[in-house]
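One-based numbering, in listed order, for ligands and for the atoms of each.
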Amino acid sequence: MSFGGILDSIKDIFFPVNCLNCAKEGDFVCEECLKTLDLSGVFCCPVCHQENKTGDYCLGCQPLFIDAEIAVTKYDEQDLIGEIMHCFKYQYVEDLEKTIEKMIASFLSNNDLPEFDAITFVPLHGRRYIERGFNQSEKIAVILAKKMHKPVVNLLKRTRYTKPQAKFKRQERLVNLKDAFEFCYKKQDFKNKNVILVDDVFTTGSTMQECAKVLKSNKVAKVIGFSLARG
Ligand SMILES: [Zn+2]
Ligand SMILES: [Zn+2]
């Protein structure tokens, strides 16, 4: 057994993990409960959010900044996925990362992602990062990158502290986010590269569109929106 494996066994003895859903000891979400989630993937038009097979624009929609909208599963606040996302955002636990990894693996076994060069993520403001100690979108990006054997690059940073989006109505969300992000990657340019942009939950898409706008104005060719759950 590896050192990590031994450490895991010791942790299991002293700090057992119980399934978030059925309380069975062992995993953060046990295999049976994980099976209740539909991880076959959600692909939508990035503008009207109508579901389709690829996540591309539908014929009648005017392209904005995101080129495709892809999620692992549908979001439901009242359901297990709501609890998973809530825990992931507010009380980070290492074991939950294994659950997220299983979810992404299951999604990838059912679907192909469009061609891309690198993975980036919606940044948190430094102040919120310090409050939480981690960025849940970055964690998802790292897991996806590991599975896809692609690099994670931090391309964006928040230029100002914005209030949580959930407090706003759709129109106000856009105003809240205006010029909230800037391109922060200096090592090489991402000209003509295709990038996957990760956020934890995709709701109206205004955060992703604002991030994608900055990426596109820095010559990124394609921005594929990827989230764990589609609200
Ligand atoms: Zn369970
Ligand atoms: Zn559409």
Q: Would you please classify the geometry between the Phe183 ring and the Tyr185 ring as parallel, tilted or perpendicular, with 30° and 60° separating the classes?
A: perpendicular
Q) Do we see a donor-acceptor contact under 3.5 Å between the side chains of Asn18 and Glu25? A) no
Residues 149-157 side chain polar contacts: donor-acceptor under 3.5 Å, at least two apart:
from   : atom 1 : to     : atom 2 : distance (Å)
Lys150 : NZ     : Phe116 : O      : 2.9
Lys157 : NZ     : Glu182 : OE2    : 3.4

(Q) Ring-plane angle category for Phe134 and Phe88, please: parallel below 30°, perpendicular beyond 60°, tilted otherwise. (A) tilted
**Q.** Distance (rounded to the nearest 0.5 Å) between Ile104 CD1 and Ser109 OG
**A.** 12.0 Å
Q. Looking just at side-chain N and O atoms, do Thr73 and Asp38 make a donor-acceptor pair shorter than 3.5 Å?
A. no
Q: Just the protein N/O/S atoms under 2.8 Å from the Zn ion (ligand 2), please, no waters.
A: Cys45 SG, Cys48 SG, Cys58 SG, Cys61 SG
**Q.** Test of ring centre spacing under 6.0 Å for Phe107 and Phe226
**A.** yes
Q: For residues His86 and Tyr90, establish whether the separation of their ring centroids is below 6.0 Å.
A: yes
Q. What residues, two or more places apart in sequence or in another chain, satisfy side chain to side chain contact (heavy atoms under 4.5 Å, CB included) together with Lys35?
A. none
Q. When you check the space around the Zn ion (ligand 1), which protein N, O or S atoms turn up under 2.8 Å?
A. Cys19 SG, Cys22 SG, Cys30 SG, Cys33 SG
